[in-house]
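Remarks on the structure that follows.
All chains are named by letter (A, B, ...) in the order of the sequence lines, taking the proteins before the strands, and each is independently numbered beginning at 1.
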Amino acid sequence: MSDTPVPAAPSSAAAPKSMDAIMALCKRRGFVFQASDIYGGINGFWDYGPLGAQLKKNLRDAWWQDMVMNPAWGRKGPGGERVRCVPLETCIIQHPKVWEASGHLAGFADPMRKCPGCGHFVRADQYWDTIAQWSEWFNSLLQEYEPSVEGTQHPRINAERLFKWARGKGKRAAPNLALVRTPEVVLSFVAERIASQPASPPDLKEMTQYFGTAQPGATGLQQPCPRCGAPLGEPAPFKLMFETYAGLTQSEDNRVYLRPETAQGVFLHFKNVVDSTRVRVPFGIGNTGRSFRNEITPRNLTYRSREFEQAELEFFCHPDESMAWYTFWRDFRMDWWKSLGLAGENLILREHAKDELSHYSMGTSDVEYRFPFTAPGFGELEGIAHRGCYDLTQHQTHSKVKLDYFDTTRGETLPNGGKKGERYMPHCIEPAAGLDRGALALICEGYTVDPSRPSPEILKLHPRVAPIKAAVFPLMDKDGMPEVAEKLTDDLFAKFGKSGFIESDAKQSIGKRYARMDEAGCPFCFTIDGDTLKDQTVTVRDRDTGKQERIGIDKVSGYLGERLG
RNA sequence: GCGGGCGUAGCUCAGUGGUAGAGCAUCACGUUGCCAACGUGAGGGUCGAGGGUUCAAGUCCCUUCGCCCGCUCCA
């Protein structure tokens with residue numbers, strides 16, 4: 001160690017963490033590997049190494065514990081009652097009609113049109129909306145039109161102004177637009193069109209297509225790219241759901257889909273759960289599992305991958321209470337992520353604007369984390385959506401099975417003191433978390449470079465999720481210390497092995513062993529030294545501060561138990 | 001899908017057509033004994049993959065795969 005003064009570590013806001021350094025650590029220490037690595041990798045798929053697998057399992061277990069087994073840490077719901085949830089585990093492949101009912105099939109099969117000029121994708125069914133709202137050149141060109149003849153949709157054109165636009169502004173805004181490339185030719189086709197059918201002049205849409213077409217006789221009218229003006233290619237369905245076949249033949253009849261979200265499996269069993277479990281609305285059903293989306297652009301390690309794991313709760317309640325439950329879960333989910341170490345300004349709750357909501361949603365919030373690759377912006381960790389009664393209603397309609405609920409605690413009071421009951425379609429609040437994104441956020445948040453320490457890279461994982469719970473080191477590999485260390489290791493394994501590794505290492509210098517544990521995110525190291533043999537005490541070293549204290553060897557498991565949460 | 005950058009040891013990277021390299025890490029032995037100590041040694045590479053040019057390719061050309069960044073997409 002040098003004696004030269006070390007400058008204070010820059011604050012996290014001033015120096016964004018290096019994603020490259022985080023990725024190197026992930027691979028070096030076995031958190032994340034590229035899937036099919038030795039075959040060159042496969043785009044959009046990532047595997048977890050030993051530490052990553054355990055980190056993610058700890059995150060999943062924490063979710064399971066805090067959302068299903070002891071929901072919301074025992075917080076009372078809006079009505080003052082205990083929150084009730086039950087677990088469920090549903091298949092990745094479900095009946096294909098499920099995705100028809102949920103809207104995923106239609107939504108996912110949207111034909112996309114690709115621009116050969118700039119590679120831009122446009123949804124075929126939203127072409128005119130897109131061009132009117134987003135296209136710079138279109139809106140610039142629009143200003144060159146004369147006002148339309150009163151009472152018609154047909155703008156009048158002024159060939160001279162359009163020509164000037166094509167030679168000037170158009171060149172920059174829409175370099176590939178036919179009108180810009182060959183204005184004389186295009187304008188002559190337009191003049192021809194107007195002269196041939198004076199009774200029905202071209203409207204704005206037709207005119208726009210003329211401007212995007214170099215040879216209408218040869219190609220027919222084409223639709224120009226909203227970005228660069230080149231004629232868009234043929235619509236092709238862009239399927240965001242993975243497909244396969246269940247059965248002997250690869251026929252249309254046997255086509256099935258890998259689920260793009262776990263939630264639908266839960267809705268399908270709403271009635272089964274009510275009928276088989278003594279639950280009453282309000283209650284929740286929790287489900288974790290893999291989902292699949294054929295993302296166009298997988299990016300940023302596990303942040304957007306094509307196979308990922310969700311942890312979703314579908315919480316069913318009476319429509320009148322739904323907003324209160326929405327608020328309840330939204331606030332709890334934020335607190336939950338904070339409790340795992342994502343405290344501070346890197347975590348925000350973002351309420352969606354009205355125009356951002358799905359047509360059925362009465363409110364949606366995202367828990368968002370400032371990842372190094374999104375900074376200064378944020379990336380979604382979890383969405384908490386008020387889905388109304390949309391899903392149950394959809395499945396009721398498509399399956400023709402009644403999914404409404406008869407609530408015997410509501411309705412008029414009967415003469416005998418009971419309630420008449422009320423039949424209604426429950427509303428659903430859905431906190432849906434991405435476990436891979438969560439694990440990645442924990443790694444990014446924990447990753448710390450402290451140049452003042454001899455081992456600058458530290459992974460400050462919360463003890464509850466840390467894959468290595470503790471390390472036991474004999475200071476020297478002799479004089480009876482290894483034997484004491486081995487006994488303590490066995491003891492800690494028995495007590496804490498279910499939630500993480502207990503490391504033990506006698507090789508190399510103590511500093512090197514501490515440093516290795518810092519980088520792997522191990523929160524506590526217990527060191528057996530010469531004094532241990534005399535007075536039965538060990539030193540505890542804290543990962544985040546490097547500070548040490550001395551405790552009795554018989555107090556170690558209690559000490560650890562308190563802090564692992 | 002487009003544009004740009006990159007791909008050489010576990011990690012970070014050098015290598016300017018002519019013998020495959022360094023630091024760190026890993027392992028062994030010795031020394032040391034509370035913060036990546038020191039010494040000596042060892043293992044580890046189809047230079048992402050395939051093809052081409054050349055007497056000769058990590059290096060030049062083509063194709064392809066993957067990662068990163070910017071667009072784009074994200075029901």
Contact class for [X] vs. all strands (heavy atom < 4.0 Å): base, sugar-phosphate, or nothing?
X	result
Thr539(A)	base
Leu25(A)	nothing
Gly44(A)	sugar-phosphate
Phe473(A)	nothing
Gln548(A)	base
Gly40(A)	sugar-phosphate
Asp529(A)	base

Is any N or O donor-acceptor pair between the side chain of [X] and the base of [N] shorter than 3.5 Å?
X	N	result
Arg541(A)	rC35(B)	yes
Arg304(A)	rC74(B)	yes
Arg29(A)	rG10(B)	no
Gln508(A)	rA36(B)	no
Tyr514(A)	rC34(B)	yes

Under-4.0 Å side-chain N/O to phosphate OP1/OP2 contact, [X] with [N]:
X	N	value
Lys507(A)	rA28(B)	yes
Ser509(A)	rA37(B)	yes
Asn43(A)	rC67(B)	yes

Discussion item. Under the criterion side-chain hydrogen bond (donor to acceptor under 3.5 Å, both in side chains), I'd like the reasoning laid out for Asn287(A) against Thr262(A): C-alpha separation, chi angles, the key distance, then a yes or no.
Written reply: CA-CA 7 Å; Asn287(A) 191 154; Thr262(A) 56; 5.1 Å; no
Discussion item. Name the residue from Lys478(A), Arg541(A), Arg550(A) that meets the salt bridge (charged side-chain N to carboxylate O under 4.0 Å, His left out) definition with Asp529(A).
Written reply: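 Among Lys478(A), Arg541(A), Arg550(A), the one that satisfies the salt bridge (charged side-chain N to carboxylate O under 4.0 Å, His left out) with Asp529(A) is Arg550(A).
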Test of ring centre spacing under 6.0 Å for [X] and [Y]:
X	Y	result
Tyr559(A)	Phe524(A)	yes
Phe270(A)	Phe316(A)	yes
Phe33(A)	Trp46(A)	no

[N] [atom2] sits how many Å from [X] [atom1], rounded?
X	N	atom1	atom2	value
Arg28(A)	rA25(B)	CZ	C1'	9 Å
Ile22(A)	rC67(B)	CD1	P	18 Å
Asn300(A)	rC73(B)	CG	P	17 Å
Arg543(A)	rA36(B)	CZ	C1'	17 Å

Worksheet item: Is a salt bridge present between Asp531(A) and Lys534(A), judged by a nitrogen-to-oxygen distance below 4.0 Å?
Response: yes
[N]: pairing nucleotide in any strand, Watson-Crick or G-U under 3.5 angstrom:
N	value
rC71(B)	rG1(B)
rG18(B)	rC55(B)
rG41(B)	rC27(B)

What's the closest nucleotide to the side chain of [X] if the choices are [options]?
X	options	answer
Pro454(A)	rA25(B), rC35(B), rG70(B)	rC35(B)
Thr297(A)	rG1(B), rA75(B), rC68(B)	rG1(B)
Lys512(A)	rA75(B), rC71(B), rA36(B)	rA36(B)

Worksheet item: Using the C1' atom in both, what is the distance from rG17(B) to rU54(B), to the nearest Å?
Response: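 Result for the C1' pair: 9 Å, nearest Å.
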